[in-house]
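Each remark here refers to the structure printed beneath this line.
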Amino acid sequence: GISAPLSLSAEFEGSFAYLTVRDRLPTILTKVIDTLHRNKDNFFKEYGKEGVQAEKTAISFLSRLRNELQTDKPVLSLTDNAEDSEAWNEYMRRQQDLMEDGRPVSWFKSPWLYMECYMYRRIQEALYMNPPMDKFDVFKEGKTQSYFESQQAIKTLCTYLQELITNMENMTEIQLRDSFLKLLQISLWGNKCDLSISAGQDNSQKSSPIDSLPDLQRFILVDDSSMVWSTLVAAQGAGSSGKKHARVDIILDNAGFELITDLVLADFLVSAGLAKQIRFHGKSIPWFVSDVTKQDFEWTIMQTMAANHKWMSASGVQWKHFMKEGTWSYHDHIFWTLPHEFCDMAVDAADLYSTLQGSDLILFKGDLNYRKLTGDRKWEHTVPFDQALRGFQPAPLCSLRTLKADVQVGLQPGQAEKLSSQEPDWMTNGRYAVVQFSSPCRE
Ligand code: F6P
Ligand code: MG
């Protein structure tokens, strides 16, 4: 393919990748083990002795995994014969071929993106191998808790949405555009609330998501949101029968407050007639601590419906309705929980790629998606976003991402240097963000 710089890796000592593999990943594994321990009584109640035995075996599997990681052991193939196991093992062979002098693929020597994804997949292996543990989501408690800790912010946001919808009929085009841009930014900053950067520590939304927008503006390093707006406006007239039928795909990231901001944005798009169809894409296994699974998605809508707050429950009821009538739909695909860069999608998940080609706008939420868009490589900061995508252009797309990893492209000359001199950890402290757009027809 098109040539690209090296992958970020823990092999670069002192790098963020290195610190993650050394410190954050073992912490996350330890928490997973604790969670299984704490739920012992529940496993017993539900499945009796068999449940307790499964829990024990899973725990010893996970302790071994933690040890393999900490002692930089070669990566092992998956043995659970799941739908995606062969794809993982194939990817391992591919990585092996890339290793210099036949060194084995291992935690501290191989690409960080691959190793981090692999850890989450191995956690799942521990559960798959130990039914009835295989349906258990080890991150569920954390996700639920962070949803409840963001209650106030959720109420504020739902109230704001319902007010917007009430006033929508009288809005001018400019007002509609401004409201869209606000909700896009709220969804962007919603990405601050992930639980993997904090290794599972509380990271919920406490302040008002609307009042804080002006102060946050200066932390947006690249802001292509006006192109997102023009894409939506252009797509509205694009129906073959002259009908408006724009379809937006949202590649979700985290559950909790971030998911609410995505649902609110999606509601606005439909209510304002900017989109006819929204397709949400989530993960098919628990992933990166807080990522959305189908269960989280459904749970969130149910909880919001049942809330003891007029506008929150009104929002939830509307969302349930959108799902029921098919205006909204939820999809998952194993590709989202494979370690591949997105430029591999056209070949390695051709069905998903061609589905995405039918979209008028794809929104990619969050840091991990950004890493996969850009291949998690040591790009120069001034390399154009389009170039870093290396041919991944199924449809107009936009990344909404707060920076939590050492990769950032598409900056102005000097911009990165200036940031580095003021705030050396600007790429990983989660205070900065980008709204980066790319379109197949733009050149
Ligand atoms: O390094 C921080 C981290 O754990 C990354 O591994 C990952 O890219 C990110 O957090 C997850 O963030 P997000 O939920 O935005 O994808
Ligand atoms: Mg995430």
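Counting starts at 1 for both ligands and their atoms, following the listed order. Values in this document were obtained by computation on a predicted structure and should not be read as measured data.
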In terms of atom number and element, which parts of ligand 1 are under 4.0 angstrom from non-hydrogen atoms of [X]?
| X | value |
| --- | --- |
| E116 | 4 (O), 5 (C), 6 (O) |
| R371 | 5 (C), 6 (O), 7 (C), 8 (O) |
| W112 | 1 (O), 6 (O) |
| G366 | 15 (O) |
| L368 | 8 (O), 13 (P), 16 (O) |
| N191 | 15 (O) |
| R24 | 1 (O), 2 (C), 3 (C), 4 (O) |

I'd like to know whether ligand 1 has R401 as a neighbour, heavy-atom separation below 4.0 Å.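 Contact absent.
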4.0 Å heavy-atom contact, Y370 with ligand 1: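 No heavy atom of Y370 comes that close to ligand 1.
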Please confirm if an N, O or S atom belonging to D367, backbone or side chain, lies less than 2.8 Å from the Mg ion (ligand 2). no
Near the Mg ion (ligand 2), is there an N/O/S atom from N254 that is less than 2.8 Å away?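 So N254 does bind the Mg ion (ligand 2) by this criterion.
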Could you tell me whether N369 and ligand 1 have an N or O pair separated by under 3.5 Å?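 No, there is no polar N/O contact under 3.5 Å.
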Contact check: D367 vs ligand 1, nitrogen or oxygen atoms, below 3.5 angstrom: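 The answer is yes, given that D367 and ligand 1 share an N or O pair closer than 3.5 Å.
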Just checking, any donor-acceptor pair under 3.5 angstrom between side chains of H331 and S329? yes
Between the side chains of [Y] and [X], is the shortest nitrogen-to-carboxylate-oxygen separation below 4.0 Å, so that they form an ion pair?
| X | Y | value |
| --- | --- | --- |
| R122 | E68 | yes |
| K378 | E11 | no |
| R94 | E90 | yes |

Tell me whether the count of non-hydrogen atoms from other residues, nucleotides or ligands lying under 6.0 Å of CE in M99 goes above 12.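 More than 12 heavy atoms, drawn from other residues, nucleotides or ligands, come within 6.0 Å of this atom.
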Kindly confirm or rule out a cation-pi arrangement of K140 over W299, judged by NZ or CZ under 6.0 Å from the six-membered ring centre and within 45° of its axis?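 Yes, cation above the ring, under 6.0 Å and within 45°.
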Quick one: do D72 and K109 satisfy salt bridge (Lys or Arg N to Asp or Glu O under 4.0 Å)? Show the steps, please. CA-CA 8 Å; D72 195 23; K109 303 285 180 322; 2.6 Å; yes
With a 6.0 Å cut-off on the ring centroids, do Y120 and F288 count as close?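 For Y120 and F288, the ring centres are under 6.0 Å apart.
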Under 30°, 30 to 60°, or over 60°: which ring-plane class applies to F335 and H340, parallel, tilted or perpendicular?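 The rings of F335 and H340 sit tilted, inter-plane angle from 30° to 60°.
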In D291, the N, O or S atom nearest to the Mg ion (ligand 2) is which?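 Nearest N/O/S atom: OD1.
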What's the atom name of the N, O or S in D253 nearest to the Mg ion (ligand 2)?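 Nearest N/O/S atom of D253: OD1.
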Contact check, side chains of M305 and S313, non-hydrogen atoms, under 4.5 Å: no
